[in-house]
There are 2 protein chains.
Amino acid sequence: MTKLKKTYTNEDDLPVLGVEPYIELIQTSSSSDTNQEDAKLGLMLLWLSDHVLDVIDNELAPFGITESKLDLLLLLTLHGERRATPSALAKRLGITRASATSMLDWLEKRNLVVRNHSKEDRRKIYVSLTDEGRTFIAEVLPTYWSSCASNLIDLEPDERKVFEKLVSKLLTSIQRKLKVER
Amino acid sequence: MTKLKKTYTNEDDLPVLGVEPYIELIQTSSSSDTNQEDAKLGLMLLWLSDHVLDVIDNELAPFGITESKLDLLLLLTLHGERRATPSALAKRLGITRASATSMLDWLEKRNLVVRNHSKEDRRKIYVSLTDEGRTFIAEVLPTYWSSCASNLIDLEPDERKVFEKLVSKLLTSIQRKLKVER
DNA sequence: GTTTGATAGTTAGATAATCTAATTAAAAGG
DNA sequence: CCTTTTAATTAGATTATCTAACTATCAAAC
């Protein structure tokens with residue numbers, strides 16, 4: 001009797017649950033000083049956040065670069081004139097200097113950036129984009145921006161306006177909490 | 001003359017730029033069929049998403065578990081009765097079976113889950129939570145929910161209402177795009 | 001009933017992004 | 001000069017992924 005079903009669905013598959021069972025779980029397992037509505041909304045925001053990063057990852061993959069490395073390249077682009085040291089980049093990216101070193105190794109191996117010793121202070125290194133790096137960024141950015149924009153296509157004009165206000169507010173408050181700045 | 005300054009700020013530090021220079025960059029580097037307002041909003045959403053995941057990571061760290069492993073445990077919790085195979089878990093989590101194997105190895109080593117061979121089909125394995133696993137989840141969840149909720153504390157009641165509608169809409173559309181379900 | 005193909009799980013081996021702790025070199029400050 | 005601090009790197013680890021290959025089992029076809 002279950003044979004027909006088997007052609008459509010794998011009986012071992014876990015069914016899609018949606019958000020409802022999570023709401024029930026919140027009711028039984030959240031602390032009394034947690035607002036349950038907020039927990040639910042926060043969970044949905046967490047899911048959305050996961051997906052937003054997945055979308056970017058997927059779209060950048062064909063270029064052979066990841067979001068974190070592109071972030072570093074963007075930082076160098078925007079600070080054009082100013083000379084950037086690995087330490088300063090690490091600080092601004094919120095990672096350790098050791099992590100910055102390995103990202104820079106990767107980027108330098110592909111000729112996207114170069115390291116130059118400072119002449120005033122020989123402990124320091126200044127990182128800059130190569131012409132190849134600039135060309136690469138110019139190739140990637142249109143996809144990057146369209147990928148960012150693509151997540152919002154279903155919103156109506158007035159919804160976008162409201163959403164921007166809310167995202168901006170949340171961004172400020174979460175950055176304050178995490179003590180990071182962009 | 002620059003000595004005083006040095007005690008306050010490191011002259012090598014890259015200044016905080018905020019969103020403005022990114023907007024200028026969008027203007028010069030986005031494709032003509034990209035809505036520039038959307039690109040900007042999408043970028044802010046990307047930043048917010050990064051931070052949302054950081055907040056959760058930070059709060060889960062003291063428990064020695066990561067969000068992806070907790071996701072797996074939550075799936076087992078919510079599907080309580082139903083027997084979950086590694087394949088089914090992998091499919092629902094959007095990872096490969098190989099990745100599921102290593103997560104399960106980790107969880108089993110810490111006695112949070114057990115693997116049992118199916119008797120009907122000896123290729124299959126059923127994964128279930130141990131009592132220890134259930135206890136662990138009960139300990140983690142209050143923090144997990146409060147951490148989710150904490151991202152929204154600065155919103156006003158009416159803002160939350162609007163935000164929920166928007167997040168829900170975006171979640172639906174991004175899940176359709178990524179062909180994932182929760 | 002034996003072969004052949006699909007399925008379930010694992011293993012092997014790789015990459016990426018991160019960390020901490022130790023190391024090296026140089027500068028700065030007494 | 002000696003000591004401390006700073007900058008960058010290295011060494012070594014963990015986590016989360018992946019693909020490809022392998023093993024065992026089941027199922028279906030002939």
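No hydrogens, no waters, no symmetry mates; every other heavy atom, side chains included, goes into these values. Bear in mind the structure is a predicted one, so any value in this text is a computation, not a measurement. Proteins get letters first, then strands, A, B, ... in listed order; numbering begins at 1 in each.
- Ion pair A:Asp13/B:Arg82 not flagged as a salt bridge, since none of the NZ, NE, NH1 or NH2 atoms sits closer than 4.0 Å to an Asp/Glu carboxylate oxygen.
- For the residue pair B:Ser29 / A:Trp145, a side-chain donor-acceptor distance below 3.5 Å is found, with atom types taken as modelled.
- In summary, B:Asp158 and B:Lys161 do not engage in a salt bridge, as defined by a charged side-chain N under 4.0 Å from a carboxylate O.
- Here the side chains of A:Leu93 and A:Leu75 are in contact, with some heavy-atom distance below 4.5 Å.
- Using a 4.0 Å cut-off between a side-chain N of Lys or Arg and a carboxylate O of Asp or Glu, A:Glu108 and A:Arg115 qualify as a salt bridge.
- Residues B:Leu170 and A:Met44 form no side-chain contact, since every pair of their non-hydrogen atoms from C-beta on lies 4.5 Å or further apart.
- Here the C1' atom of nucleotide D:dA16 and the CG atom of B:Leu72 are 13 Å apart, to the nearest Å.
- Within residues 114-123 of chain B, the residues approached by DNA chain D to less than 4.0 Å at the level of any non-hydrogen atom are B:Glu120, B:Asp121, B:Arg122, B:Arg123, in residue-number order.
- Neither OP1 nor OP2 of D:dT15 sits under 4.0 Å from any side-chain N or O of B:Ser68.
- For DNA chain D, none of the residues of residues 45-57 of chain B falls under the heavy-atom distance limit of 4.0 Å.
- The side-chain contact (heavy atoms from CB on, under 4.5 Å) test with A:Ile56 is passed by exactly one of A:Leu60, A:Leu53, A:Asp54: A:Leu60.
- Looking at heavy atoms from C-beta onward, A:Arg83 lies out of side-chain contact with A:Lys124 at the 4.5 angstrom threshold.
- Axis orientation changes by 0° from one end of the helix from C:dG1-D:dC30 to C:dG30-D:dC1 to the other, with each end axis drawn from 5 pairs and the value rounded to 10°.
- Rounded to whole Å, the distance from CG on A:Leu60 to C1' on C:dA16 is 14 Å.
- Using a cutoff of 4.0 Å between basic side-chain nitrogens and carboxylate oxygens, B:Glu159 and A:Lys165 are not scored as salt-bridged.
- Residues forming a side chain to side chain contact (heavy atoms under 4.5 Å, CB included) with B:Asn111 (at least two apart in sequence, or on another chain): B:Glu132.
- Of the N and O atoms on the side chains of B:Thr96 and B:Ser99, at least one donor lies less than 3.5 Å from an acceptor on the other residue.
- Counting only residues at least two apart or in different chains, ring pair (Phe, Tyr, Trp, His ring centres under 6.0 Å) contacts with residues 39-85 of chain A comprise A:Tyr22-A:Trp47.
- Between A:Asp154 and B:Lys177, no side-chain nitrogen of the basic residue sits less than 4.0 Å from a carboxylate oxygen of the acidic one, so the salt-bridge criterion is not met.
- A heavy atom closer than 4.0 Å to some atom of DNA chain C occurs in B:Thr85, B:Pro86, B:Ser87, B:Arg97, B:Ala98, B:Thr101, these being the qualifying members of residues 83-113 of chain B.
- Listed pair A:Lys124 / C:dA27 fails the phosphate criterion, with no side-chain N or O lying under 4.0 Å from OP1 or OP2.
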